[in-house]
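Below you'll find the structure, written out as structure tokens, and then a few comments.
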Amino acid sequence: MDTTEPYYITESKRACIDAGMDPNEISRPKRFLDEEQFAAKRKNYSEILSVVRFFSNKLLDSLKGTPILVVVSDATGYLLEIEGDETIKSTIEQFGIKPGSLFVQEDTGTNVVSLSLQQRHPISLIGEQHYHTFLHEIACYGTAFHYTDDNNLLGSVSIMMPIQFQNTLFLTMLAQVIDSIERELLLRKQNKKLNIMNQIMLSRTRNGIVITDEKGITTEFNSFAEQISNNSREDVVGRNIRESHLTGEYFKKVLEQGEIVKNEEIKFKGDTGNLIVCLFDAQPIYEEDKMIGAFGQFRDITDRYLLQEKYNYLAYHDDLTNLSNRRHIKKELEAIIQQIHDGQKRTLAVLFIDLDRFKIINDNFSHSYGDKFLIEVSKRLCGSLGENDILARMGGDEFVFLLKDFVNINYVMKKAEEIIQLFQQPFYVSGKELHTTASIGVAIYPDSPISMEQLMVYADNAMYQAKSEGKNRYVVHSSELLNVMMDEYMLEVDLRRALDNDEFVLHYQPQINNNTGKLVGFEALIRWQHPTLGLIPPGKFIKLAEENGLITQIGEWVINEACSQNKKWQDAGMTPVKMSVNLSTQQFLTRDLLAFMEDMLERTAIDPAYVVVEITEYMAMEYEYSIQVLEQLKALGIGISIDDFGTGYSSLNYLKNFPIDYIKIDKSFVSEIMNNEKDAIIVNAIITLAHNLRKEVIAEGVETQEQLDFLKSHHCDISQGYYFSKPLPADEIEKIYLEQH
């Protein structure tokens, strides 16, 4: 690879020479912020620092065990934070490198902070690339971060470590961190602008509005607030809102603690003694980062409240979440559809929501834990309710938004997008951080009459289509979608019979040792020999099997068949090789996986040394459960492989602690190693990292001699791909390898 020193480092060193700097003398920062200046600087950067700190802490966590420092500067080079290894931190403080010091080239020579702020791309500064000799044992990586909408430079993030820990993978990881920081900062900036617009628009709403200044003095009390509360504007404006017996405590939390109040139910008597029920929201108003007041609104829900009181509450509400239930939604839909049939002009849509991965959460923890999770989900969904919307839990992890009397169909699409965004932040249940997404099916009541049942079926079908397209999205029902769903339904019916009818077959792809050129293993890959449609690849039915719960049975069949076949080949005289089988997420999280593997080993009589199970990085993210199961499998003598490495969250922490034997480089990297320098760097870094951790590396998708030569030159252990052989049925494997033997 090209080891030429980048031009900007060469120019920096030349500037040091021109300035008369002695490379053998320690060069210290010469300018420092005093305590008051430093506090003011950090206050101005407080929001930016909170975002940077969140993502840099994730970086530190993923590199736990590696002695590194993360250094954050402002746009001029003043150091704002230094976090990480305490030994390194105390060492550099002796050189005057500490928060509040100014890091510029004219004072400290060639350094990662100054160079990062000058460049538009991540940089590395390693060993002798530093001008001063006392830094030759240090490896540094850094990059600047900006407001990407106006290219406004905000600062830099650098990581520093002893030179023996250098790795080009750090540069890639740092670039990913900066990308996350810039996206979050831009989102927050845009949200500020949006909040100001929202505050203006909310003054036009048909809800009661109360606005105060930063001291709590009421400055606005609109006409709807007068009507709802039976208080005149003259009596309220100018008084401190904290004195209000209805909302004073809520505004106190908003003004003094910056809290946001949502959907607080307030009841009081009207001027004639009638009951009035409102939902009350309140939040701080900010200008830049300074609170300038508070905003509150009343939504009169008296009619809805009295209607709910009229009926048996439990009959129409879910007892877990207190949301409306299936019976309530059915009643509402039937009433509105009847009104439409009677000629009334009403609009209606159903959003059918199903949580992705909820079964995994339920199986991995407990049903009571899953119930707590559903309660948190329902609370978040409630925050997206519009004035005419109804939210219901249909059972399990299924929810429905019923949207009615909307003016424009765009409201329906925006609501679906809004709900998708609600799941981008994690949920916290009993101290655990959980992530899930939602698949949403949208059905809009058409011009021609249909029944309530038909509308729900349309929404349900669209939801399943959203899942089949990759989850975390919404799909709107159409006539074309209905045809697709019918085809998938027929395929699902056939899939349920496939196991009983022995229609699945395995193909085996050889794995070749790069040093010897000899066969060392096979990967077992499933195919479906459909009686009328022919040979169906796994991409056409695996997701379907995951959705209908057949994936664990199919996975167990694959393991049994592959290991039995391998034992037959060994008994027939083939040189023993390893057999790799893929575990699905559901199968990996099944509580009786270990018992099944023990039974399989006994039943097939295969030596566990010739069995390898492949898991994905996604499964490994369930850290505590994963390490326990993998150690139990390892104790049986079974090999462990991480599949598709590099395409998920490649945590160095689980690579270090998990009993992994093989790391499989995803074929997306292998296919581009001859065309894309970054992919080549990543592949080389993965190989180096794996070997340093005493793990073997398997490259997938090898298709050319050039790719194989590259992998050999970088000491990759094993390759598989079409260059050697496509996946073959058992009889063709026997012709090639058994007869050859």
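Contact detail for Ala282 and Val254: the closest heavy-atom pair is CB-CG2, 3.9 Å. When every heavy atom of Thr76 is checked against every heavy atom of Val104, the shortest pair comes out as O-CG1, 3.9 Å. In terms of heavy-atom proximity, Gly77 sits nearest to Leu102 at C-CD1, 3.7 Å. Across every non-hydrogen atom of Val697 and Ala690, the tightest pair is CG2-CB, 3.4 Å. Between Pro426 and His435, the shortest heavy-atom distance links the atoms CB-CE1, 3.5 Å. The nearest pair of heavy atoms linking Leu60 to Glu83 is CD1-CB, 4.2 Å.
Arg28 places no side-chain N or O within donor-acceptor distance of the main-chain N or O of Asp107, the cut-off being under 3.5 Å. Between the side chain of His714 and the backbone N or O of Leu711, no donor-acceptor pair lies under 3.5 Å. A donor-acceptor pair under 3.5 Å is formed between the side chain of Asn111 and the backbone N or O of Ser114. A donor-acceptor pair under 3.5 Å is absent between the side-chain atoms of Glu672 and the main chain of Phe669, judged by distance alone. Proximity of a side-chain donor or acceptor of Tyr45 to a complementary backbone N or O of Ser50 within less than 3.5 Å is not detected. Between the Asn513 side chain and the Gly517 main chain, no donor and acceptor come within less than 3.5 Å of each other. Side chain of Tyr131 to main chain of Thr108: no donor-acceptor pair is present (N/O by atom type, distance under 3.5 Å, no hydrogens or angles). A donor-acceptor pair under 3.5 Å is absent between the side-chain atoms of Tyr141 and the main chain of Val112, judged by distance alone. Between the side chain of Glu25 and the backbone N or O of Asp22, no donor-acceptor pair lies under 3.5 Å. Remark: side-chain polar atoms of Thr110 are not paired, donor with acceptor, to backbone N or O of Ile9 under 3.5 angstrom.
The structure places CD of Glu5 at 4.0 Å from NZ of Lys13, a figure rounded to the nearest 0.5 Å. Note that CG of Leu125 is 9.0 Å distant from CE of Met160, once rounded to the nearest 0.5 Å. Leu255 CG to Thr212 OG1: the interatomic distance, rounded to the nearest 0.5 Å, is 4.5 Å. Residue Gln705 holds its CD atom at 6.5 Å from NZ of Lys712, rounded to the nearest 0.5 Å. The distance from the CE atom of Met173 to the CD atom of Gln176 is 7.5 Å, given to the nearest 0.5 Å. Atoms CD and CG, from Glu47 and Leu185 in turn, are 7.5 Å apart once rounded to the nearest 0.5 Å.
Residue Gln37 places its CD atom among more than 12 non-hydrogen atoms of other residues, nucleotides or ligands, all under 6.0 Å distant. Gln164 CD: more than 12 foreign heavy atoms inside a 6.0 Å radius. Environment of NZ in Lys667: sparse, with no more than 12 heavy atoms of neighbouring residues, nucleotides or ligands closer than 6.0 Å. Sparse packing is recorded around NZ of Lys43, with 12 or fewer heavy atoms of other residues, nucleotides or ligands lying under 6.0 Å away.
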- salt bridge (Lys or Arg N to Asp or Glu O under 4.0 Å) evaluation trace for Lys189 with Asp150: CA-CA 11 Å; Lys189 183 179 181 182; Asp150 58 9; 3.1 Å; yes
- Message: Please determine whether side chain to side chain donor-acceptor pair (under 3.5 Å) holds for the pair Asn24 and His132, giving the CA-CA distance in whole Å, both sets of side-chain angles, and the decisive distance to 0.1 Å.
- Response: CA-CA 6 Å; Asn24 297 313; His132 288 94; over 6 Å; no
- Message: With side-chain contact (heavy atoms from CB on, under 4.5 Å) as the criterion, how do Val683 and Phe710 come out once you've worked through the C-alpha distance, each side chain's angles and the decisive distance to 0.1 Å?
- Response: CA-CA 10 Å; Val683 169; Phe710 176 94; 4.1 Å; yes
- Item | Verdict with supporting geometry, Ser641 and Ser580, side-chain contact (heavy atoms from CB on, under 4.5 Å) | CA-CA 8 Å; Ser641 176; Ser580 295; 5.8 Å; no
- side-chain contact (heavy atoms from CB on, under 4.5 Å) between Glu706 and Ile673, worked out: CA-CA 9 Å; Glu706 291 79 7; Ile673 55 177; over 6 Å; no
- Using the side-chain contact (heavy atoms from CB on, under 4.5 Å) rule, take Tyr723 and Gln707 through it: C-alpha gap first, then chi angles, then the decisive distance, then the call. CA-CA 9 Å; Tyr723 177 77; Gln707 292 170 351; over 6 Å; no
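Donor-acceptor pairing under 3.5 Å is lacking for the side chains of Gln257 and Lys252. A side-chain donor from one of Gln511 and Gln720 sits under 3.5 Å from a side-chain acceptor of the other. A donor and an acceptor atom, one from each side chain of Asn515 and His715, are nowhere located under 3.5 Å apart. With hydrogens and angles left out, the side-chain atoms of Glu182 and Thr148 include no donor and acceptor closer than 3.5 Å. Under the 3.5 Å distance criterion, with hydrogens and angles disregarded, a donor-acceptor pair is assigned to the side chains of Ser156 and Ser73. With no hydrogens or angles considered, a side-chain donor-acceptor pair links Ser719 and Asn514 at under 3.5 Å. Asp356 and Thr437 share a donor-acceptor pair across their side chains, judged by distance under 3.5 Å alone. Inspection of the Glu433 and Tyr428 side chains reveals an N or O donor paired with an N or O acceptor under 3.5 Å. Judged purely by distance below 3.5 Å, without hydrogens or angles, the side chains of Glu418 and Ser384 pair a donor atom with an acceptor atom. In this structure, a donor-acceptor pair under 3.5 Å is present between the side chains of Ser12 and Gln105.
With respect to the salt-bridge test (charged N to carboxylate O, under 4.0 angstrom), the residues Lys664 and Glu700 qualify. Using a 4.0 Å cut-off between a side-chain N of Lys or Arg and a carboxylate O of Asp or Glu, Glu376 and Lys379 qualify as a salt bridge. The pair Asp661-Arg694 does not meet the salt-bridge criterion, since no charged nitrogen lies less than 4.0 angstrom from a carboxylate oxygen. Ion pairing between a basic and an acidic side chain is recognised when a charged N comes within 4.0 Å of a carboxylate O; Lys290 and Glu287 show no such pairing. At a threshold of 4.0 Å, the pair Arg183-Asp179 counts as salt-bridged, since one of the basic side-chain nitrogens sits closer than that to a carboxylate oxygen.
Figure legend: cation-pi geometry between Arg380 and Phe423 absent, as NZ or CZ is not positioned both under 6.0 Å from the six-membered ring centre and within 45° of its axis. With Tyr662 as the aromatic partner, Lys695 does not meet the cation-pi criteria of under 6.0 angstrom to the ring centre and within 45 degrees of the ring axis.
Side-chain contact between Ile92 and Leu69 is present, with at least one heavy-atom pair separated by less than 4.5 Å. Leu80 has its side chain out of reach of Val71: every pair of non-hydrogen atoms, C-beta onward, lies at least 4.5 Å apart. Here the side chains of Asp85 and Ile68 are not in contact, with every heavy-atom distance at 4.5 Å or above. Counting only heavy atoms from C-beta outward, the side chains of Phe54 and Glu184 never approach each other to under 4.5 Å. With a 4.5 Å cut-off on side-chain heavy atoms, Tyr147 and Leu153 do not count as touching.
Tyr8 and His121 have their aromatic ring centers within a separation under 6.0 angstrom.
Applying the ring-ring contact (aromatic ring centres under 6.0 Å, His included) definition to pairs two or more places apart or across chains, none involves residues 65-89.
With Val70 as reference, Val157 is the one residue of Val157, Leu174, Asn57 to meet the side chain to side chain contact (heavy atoms under 4.5 Å, CB included) rule.
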